[in-house]
Every structure is written in C-alpha cells, then in structure tokens.
Amino acid sequence: QVLETLQGDCNEHTVLFVAMAIVIFMVVAFRNQAGRIERCMESLVKHHAAHDYGVVLIDDASEDDCLDLARAVLSRHGKPFVAVRNASRKFYTRNLYNAVHLLCTRDDAIVLEVDGDDFLEDRDVLSVLDAAYREGCLQTFGRFRCGPGRDRFPGVDFLERTDLAECFDWGAPWDLDRCFSWMHLKTFQRKLFTAVPLVYFLERDTREWLRSGEDMIIHPKMSELAGERVRYIDEELYVYDFTGTDHEILWNEQAEYLLSKLYRLPVGSHFGYLRECVQERALRRHMDALEAQGETLPVEQQRARMPLTATR
C-alpha cells in the first residue's frame with residue numbers, strides 16, 4: 001500500500017505493521033534513485049529468506065519511478081513492506097523519525113538504516129546483526145566498503161585501516177575523533193531511538209526539522225543513552241555508492257548550517273574544519289561587498305574567492 005503522505009505525521013496508516021510479528025525493520029529513504037533502487041532492494045532480500053523482517057520505503061518526493069521499481073522487487077519476493085510517497089520533500093531526519101515512531105511499532109524492533117543508492121553486502125547480514133543483539137546491545141555500527149565512486153571518496157584510505165575497532169570509545173560519544181558514529185551499517189533498537197528527545201531532531205533556532213547533520217547528533221545521543229550496550233561490528237556489511245550529485249557538498253554552506261542549527265554540537269577536528277569554512281564564507285561576503293563598491297582585491301583575496309567544494 002502506498003501512503004501519499006503521513007498527514008500531520010500521524011494517521012490511520014500508522015498501525016499497518018502492528019499485527020505483524022516483525023522484529024527487524026529496514027528503513028530505506030530515497031529520492032530520484034531509479035538507476036540504483038532495484039540494486040538496493042535485491043540486496044535486502046538476498047540471503048535473508050529465513051529472517052522475519054519488513055521494509056519501510058520512503059520516497060521523498062521523487063520525480064522518477066523509483067518507488068514503483070522498489071515495490072515491484074519486494075512484491076516479487078513476497079516481502080512485507082509499507083511505501084510512503086511524500087508529496088513534498090521532508091528530508092532524511094523527519095523521514096526516519098516518522099518511520100520509526102509511526103510505522104515500526106515494536107519497542108524491541110531492530111531498525112536498519114539503508115540509503116536507497118547504497119546496498120547491503122553480498123552475505124547474510126541479518127544473522128550477523130542478530131548475534132550482536134542477542135548479546136544485549138541496543139545499537140551497532142560497522143565497517144563498510146566504498147563501491148562505485150571509490151576513487152572519489154576522501155576517506156578511502158581510512159577504510160583500509162585494521163584498527164577501526166579502536167575508533168569507537170563509547171565513553172565519548174560526542175567526540176567524533178574518538179567515536180565514529182557515522183559509520184555504516186547503522187542499526188538500533190526502536191526503544192533507544194524513541195528515547196531521544198524531539199529537540200535533537202529539530203533546528204536549534206527555528207524548531208523546524210533538520211535538513212542534514214542527523215548522523216552528527218542523533219546517533220551520538222543514542223550512544224550516550226545506550227552506554228556500554230553499543231557494538232562495533234568489524235565486518236563489511238554495507239556498500240557505499242559515492243557516485244551521483246547527492247555527495248557533492250559546498251562545505252562552507254553545509255558548515256554554516258550545521259554550526260547554527262544542531263541542538264548540540266559534537267567536538268573533534270571535523271568541527272574545527274567546519275568553523276574554518278564558516279569563517280572563510282564570512283570573508284568572501286566581505287570581499288564581495290568590497291568588489292560591489294568598486295574596490296580592487298589583492299591577488300591573495302582573489303584566490304580565496306575560489307569555490308570551496310568537497311565531497312563527503
């Protein structure tokens with residue numbers, strides 16, 4: 001069934017999965033991914049026939065037929081799913097919040113976050129996760145590999161490290177240098193996610209839903225709440241596709257947004273870099289104002305006006 005919208009973020013469709021004894025939910029959010037979504041869906045059903053799981057599809061106002069393609073794959077394999085088609089963009093934070101609070105209804109449910117342009121590794125991923133959760137954990141992070149676009153991924157050498165397990169200090173979840181809470185595959189129990197106060201999902205000044213940066217605030221907060229019940233799984237379970245325009249970021253614009261909007265700011269070298277980006281953007285605005293007044297800029301300042309573009 002396709003939900004044209006979750007009206008008011010809550011309606012009669014919120015009980016669709018209540019009667020189903022589903023323990024594992026795969027939440028897949030996407031927009032305009034017709035060229036990649038079938039690959040993602042096939043990875044969800046391959047190797048996992050013995051597991052009890054359902055899929056929540058969230059099409060964030062796509063302009064192509066990616067939702068129909070996703071539904072077709074899951075229907076062909078007989079997998080239970082709910083499909084949400086947003087009439088207008090809501091962005092990832094709000095989509096994830098809606099899916100977990102309104103559609104994944106069991107407190108003991110395990111939720112997997114999968115981007116529609118990425119896919120699960122070619123193995124029984126759910127058995128690996130099941131073993132971790134049977135040990136009592138509430139949240140997991142894992143190792144991933146970079147597939148398509150690998151040569152463009154700035155952290156590709158980092159992924160080859162053999163000591164990644166040492167990069168997760170659960171006693172310092174807000175220090176992104178000591179706890180890499182952005183690592184795929186990200187999973188959690190629903191009751192942990194619903195314990196995160198709403199303000200962590202909202203912009204600090206406007207109280208509107210965050211448009212980006214959720215992995216820098218929601219996941220550290222969950223790790224803080226989970227304490228020692230967090231696990232790093234040192235196995236490649238996820239494949240990250242770094243192609244496409246979704247990964248092109250103007251860091252000075254992104255930095256200004258994160259520093260001004262996140263309810264709580266993590267620490268670490270990455271946020272020092274973001275502050276440098278904001279300072280550079282302020283300098284460019286000043287130089288633009290000088291140019292508008294007909295003043296000539298020194299060569300060093302002219303170079304500083306070159307666009308700061310990076311990938312994430």
Side-chain angles (χ1 to χ4, degrees), residues 1-18 20 22 24-45 48 53-75 77 79-106 109-120 184-190 193-194 196 198 200-202 208-215 217-219 222 238 240-241 244-247:
Q1 182 172 0
V2 178
L3 317 183
E4 292 301 328
T5 180
L6 286 174
Q7 298 175 359
D9 295 333
C10 183
N11 63 12
E12 69 275 12
H13 299 297
T14 63
V15 299
L16 281 176
F17 278 180
V18 172
M20 306 174 72
I22 292 178
I24 301 173
F25 288 87
M26 301 180 183
V27 177
V28 186
F30 50 89
R31 184 172 189 271
N32 296 334
Q33 293 297 338
R36 299 176 176 87
I37 195 65
E38 290 177 295
R39 178 187 63 185
C40 177
M41 295 298 103
E42 292 290 352
S43 78
L44 302 188
V45 299
H48 302 140
Y53 67 93
V55 181
V56 178
L57 301 171
I58 305 179
D59 183 342
D60 202 20
S62 292
E63 298 169 343
D64 60 21
D65 62 346
C66 54
L67 181 59
D68 294 333
L69 295 173
R71 295 171 63 213
V73 174
L74 296 177
S75 296
H77 289 276
K79 302 310 299 184
F81 68 89
V82 168
V84 178
R85 176 182 287 124
N86 291 337
S88 58
R89 291 202 68 180
K90 293 186 177 181
F91 297 93
Y92 186 78
T93 302
R94 187 176 182 182
N95 287 326
L96 181 63
Y97 185 94
N98 285 344
V100 175
H101 279 264
L102 306 177
L103 297 173
C104 306
T105 54
R106 291 180 52 144
I110 300 169
V111 179
L112 285 66
E113 295 182 60
V114 183
D115 292 340
D117 56 342
D118 300 335
F119 51 102
L120 298 184
H184 300 291
L185 171 67
K186 298 190 285 284
T187 81
F188 52 84
Q189 274 203 341
R190 179 185 185 272
F193 186 90
T194 57
V196 176
L198 180 61
Y200 285 82
F201 299 85
L202 306 178
E208 297 290 333
W209 293 92
L210 282 173
R211 290 174 171 256
S212 65
E214 68 288 330
D215 54 347
I217 184 168
I218 298 171
H219 294 88
M222 284 196 287
Y238 194 91
Y240 192 56
D241 187 337
T245 57
D246 289 346
H247 299 288

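Here the structure is a predicted model, which means the values were calculated and not measured. All residue numbers in this chain count up from 1 along the given sequence.
Judged by distance alone, the side chain of R190 and the main-chain N or O of A109 form no donor-acceptor pair under 3.5 Å.
No side-chain heavy atom of I58 sits less than 4.5 Å from a side-chain heavy atom of N98. Contact of the F30 side chain with the D115 side chain is not registered, since no non-hydrogen atoms from C-beta on lie closer than 4.5 Å. Inter-residue side-chain proximity for F81 and M26 is flagged as unmet; no heavy-atom pair is nearer than 4.5 Å. Within the 4.5 Å cutoff, the side chain of E63 has heavy atoms near those of the R31 side chain. Contact check for V56 versus C104: side-chain heavy atoms found under the 4.5 Å cut-off. Side-chain atoms of L74 and V45, non-hydrogen and from C-beta on, do get closer than 4.5 Å to each other. By the 4.5 Å heavy-atom criterion applied to side chains, L210 and I217 are counted as neighbours. Contact of the L96 side chain with the F193 side chain is registered, since non-hydrogen atoms from C-beta on lie closer than 4.5 Å.
Separation of atoms CG (L69) and CZ (R39) is listed at 13.5 Å; rounding is to 0.5 Å. Going from atom NE2 of H48 over to atom NE2 of H77 covers 12.5 Å, rounded to the nearest 0.5 Å.
Residues S88 and A61 share a closest heavy-atom pair of C-CB, 3.7 Å.
Applying the ring pair (Phe, Tyr, Trp, His ring centres under 6.0 Å) criterion to F91, with sequence neighbours excluded, gives no partner residue.
Test W209, Y92, Y200 against Y97 for ring-ring contact (aromatic ring centres under 6.0 Å, His included) and you get one pass: W209. For the side-chain hydrogen bond (donor to acceptor under 3.5 Å, both in side chains) criterion with H219, the lone passing option out of E113, E214, K186 is E113.
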